[in-house]
Amino acid sequence: MAALRALRWRRRLPGLVPRRLLGTAESPEERPQFPGASAEFAERLEFIQPNVLAGIPVYRVMDRQGHVLRPSEDPQLPKEQVLKLYKTMTLLNTMDRILYESQRQGRISFYMTNYGEEGTHVGSAAALEASDLVFGQYREAGVLLYRGYPLELFMAQCYGNASDPGKGRQMPVHYGCPERHFVTISSPLATQIPQAVGAAYAIKRADASRAVVCYFGEGAASEGDAHAGFNFAATLECPIVFFCRNNGYAISTPTSEQYRGDGIAARGPGYGLLSIRVDGNDVFAVYNATREARRRAVAENQPFLIEAMTYRIGHHSTSDDSSAYRSVDEVNYWDKQDHPISRLRHYMANRGWWDEEEEKGWRKSSRKMVLEAFEQAEREPKPPPHLLFSDVYLEMPPRLRRQRAELERHLETYGEHYPLQQFQK
């Protein structure tokens, strides 16, 4: 009866423990009953050290020579799918080289390469269902490429021409495709994280048997939006997979200056997220982790956090010179010794699925495909200027109609001072 009375008192005053129970933690009935955590009492003053636990291990399937380390972990993907993984990664690599050079030549205004991170894109994309909703950051072009997004539309978006689905309103590499369930990328870091959680909650409410996958970098994980998103996803039990690409640098800031804890995966348990750290340069490890996280997220309405350890071989963007904050030897190590493309190529060669002649032929044909799309994008005119005012309101308000009319009058009067021949009529 005394225990019952104490329990009733505790329910009336959450957070308080009856005086008669203080200091007596011997019996199971007298363990802490605080609603905010499950724990034991301690009688010694001791602060928790941040390094008391060993680092979270990095899950991998293959070694750097493409040998599967444990046969039970081999996803046993058919040859056709493995070839698709490889060809998507190498095609992305080719597209990056051509568009990076086009920016350096002044043909487009901006670009971000994906060198070294191709395995995180393609391994995760292959593990998803086509209907799963993707929120990218700005370095997930490989996800769209794996889903069949045409090279012509990649080029059109970067050139902002009349074929660009975004009608030239976004800066380059800010892709989007409703038909492929890929939400349009926006520049501000981490804003997509709480948005993705909201979408996952809506999917849960609709009982749609879909998952949301939200990509971001370890630098974006320092933004407040990331913490809010993690907490909402856990408390609302949303079917979402948070996919963090930890590539070593947030623009020019190395991870050693970003955080003192054990990376990003270590934050997951504190929010109630099932978490794993994987080798992002091992496409099979990424595939296995994403596939299982996606399956359980849908089946159990649980959020998952994947931290994919990789390395950003390229500059952060064309606005960055990474030689100012890291050595050439460091970059060369990851490019030559631990690249996701070379690792998968070793695997295919070990299986007799790929040889030097096939490599040369594919590299030549893929470059030709990219250049053809590139040349087509350059020939396309820019979108007509009147699109500056459309697609915001269902019915254009009077103030925008007045502004559009003012622009039209201005161009009629002073059109010779503008390159109007470059714009679609």
Side-chain angles (χ1 to χ4, degrees), residues 57-98 113-130 140-151 245 276 278-295 306 308-311 313-314 332-372:
V58 180
Y59 168 69
R60 68 171 179 168
V61 174
M62 294 186 289
D63 63 16
R64 290 167 184 162
Q65 286 70 47
H67 298 117
V68 173
L69 300 169
R70 188 184 293 248
S72 61
E73 295 300 308
D74 188 340
Q76 300 290 341
L77 298 178
K79 177 182 176 180
E80 294 73 19
Q81 187 168 4
V82 174
L83 288 176
K84 181 179 179 182
L85 295 174
Y86 184 76
K87 288 185 174 182
T88 303
M89 288 197 287
T90 49
L91 183 61
L92 175 63
N93 192 270
T94 300
M95 183 176 77
D96 275 349
R97 293 183 188 280
I98 289 172
T113 64
N114 305 277
Y115 302 143
E117 300 180 54
E118 297 92 345
T120 63
H121 302 196
V122 177
S124 58
L128 302 175
E129 296 294 326
E140 282 81 33
V143 178
L144 256 181
L145 194 59
Y146 189 86
R147 288 191 167 191
Y149 198 64
L151 287 171
R245 295 173 292 91
I276 189 171
V278 304
D279 184 345
N281 294 342
D282 179 348
V283 70
F284 292 156
V286 174
Y287 173 85
N288 284 350
T290 308
R291 181 183 61 178
E292 181 63 8
R294 189 263 170 208
R295 182 190 70 80
I306 297 173
M309 310 304 293
T310 184
Y311 188 81
I313 292 174
N332 284 339
Y333 167 79
W334 291 97
D335 192 18
K336 307 300 182 187
Q337 303 297 323
D338 198 6
H339 200 289
I341 291 178
S342 60
R343 191 183 299 193
L344 185 58
R345 184 179 174 188
H346 287 319
Y347 172 86
M348 295 192 302
N350 295 338
R351 301 287 296 270
W353 290 354
W354 198 251
D355 59 29
E356 192 63 33
E357 285 302 312
E358 289 173 302
E359 177 73 14
K360 289 180 181 177
W362 166 244
R363 292 286 185 170
K364 183 178 179 180
S365 63
S366 61
R367 178 175 175 81
K368 181 182 178 183
M369 286 191 296
V370 174
L371 284 173
E372 287 175 353

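We're numbering straight along the sequence, starting at 1. Here the structure is a predicted model, which is why all the values come from computation and not from measurement.
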Working for side chain to side chain contact (heavy atoms under 4.5 Å, CB included), residues Glu356 and Lys360 | CA-CA 6 Å; Glu356 192 63 33; Lys360 289 180 181 177; 3.9 Å; yes

Tell me, do Leu128 and Arg147 make a side-chain contact under 4.5 Å, heavy atoms counted?
-> yes

Nearest-0.5 Å distance that lies between atom CG in Leu92 and atom CZ in Arg97 | 10.5 Å

Side-chain contact, heavy-atom cut-off 4.5 Å: Val61 with Tyr287?
-> no

Please lay out, stage by stage, how Lys368 and Leu371 fare under the test side chain to side chain contact (heavy atoms under 4.5 Å, CB included).
-> CA-CA 5 Å; Lys368 181 182 178 183; Leu371 284 173; 5.9 Å; no

Check: His346 main-chain N/O paired with Asn350 side-chain donor or acceptor under 3.5 Å | yes

Check Gly119 against Val283 and note the closest heavy-atom contact, atom names and distance.
-> O-CG2, 4.0 Å

Arg351 CZ to Lys79 NZ distance, which is reported to the nearest 0.5 Å = 10.5 Å

Would you call Arg345 and Glu358 a salt bridge, taking side-chain N to carboxylate O under 4.0 Å as the test?
-> no

Roughly how far apart are Arg295 CZ and Glu292 CD, rounded to 0.5 Å?
-> 4.0 Å

Contacts of type ring-ring contact (aromatic ring centres under 6.0 Å, His included), residue Phe284, not counting sequence neighbours | Tyr347

Note: Tyr115 and Asn93 closest approach over all heavy atoms is CD2-ND2, 3.6 Å

Shortest non-hydrogen contact from Asp282 toward Met62 | OD2-N, 2.7 Å

Once you round to the nearest 0.5 Å, how far does CG of Leu83 lie from OG1 of Thr88?
-> 10.5 Å

Kindly say whether Glu118 contributes a backbone atom to a donor-acceptor pair with the side chain of Asn114 at under 3.5 angstrom?
-> no

Identify the heavy atoms of Met369 and Leu91 that sit nearest to each other, and give their distance.
-> CE-CD1, 4.2 Å

Go through Leu145 and Leu151 one step at a time and tell me if the side chain to side chain contact (heavy atoms under 4.5 Å, CB included) criterion holds.
-> CA-CA 8 Å; Leu145 194 59; Leu151 287 171; 4.3 Å; yes

Residues that Asp335 engages under side-chain contact (heavy atoms from CB on, under 4.5 Å), provided they are two or more places apart = Ile313, His339

Please assess Leu85 against Tyr146 for the test side chain to side chain contact (heavy atoms under 4.5 Å, CB included), listing each intermediate value before the final yes or no.
-> CA-CA 8 Å; Leu85 295 174; Tyr146 189 86; 3.8 Å; yes

How close do Asn281 and Gly116 get, heavy atom to heavy atom, and via which atoms?
-> OD1-O, 3.4 Å

Can you name the closest pair of heavy atoms from Thr94 and Arg367 and give their distance?
-> CG2-CA, 3.8 Å

How long is the span from the NZ atom in Lys336 to the OG atom in Ser342, to the nearest 0.5 Å?
-> 10.0 Å

Decide, yes or no, whether a salt bridge links Arg363 with Glu359 under the criterion of side-chain N to carboxylate O below 4.0 Å.
-> yes

Flag, side chain of Ser365 to backbone of Trp362, donor-acceptor distance under 3.5 Å | yes

So which of Arg64, Arg60, Arg343 actually passes salt bridge (charged side-chain N to carboxylate O under 4.0 Å, His left out) with Asp279?
-> Arg343

Using a 3.5 Å cut-off and no angle test, enumerate the donor-acceptor pairs between side-chain atoms of residues 68-75 and protein atoms at least two apart in sequence or in another chain.
residue: Glu73; atom: OE1; partner: Tyr59; partner atom: OH; Å: 2.6
residue: Asp74; atom: OD1; partner: Gln76; partner atom: N; Å: 2.9

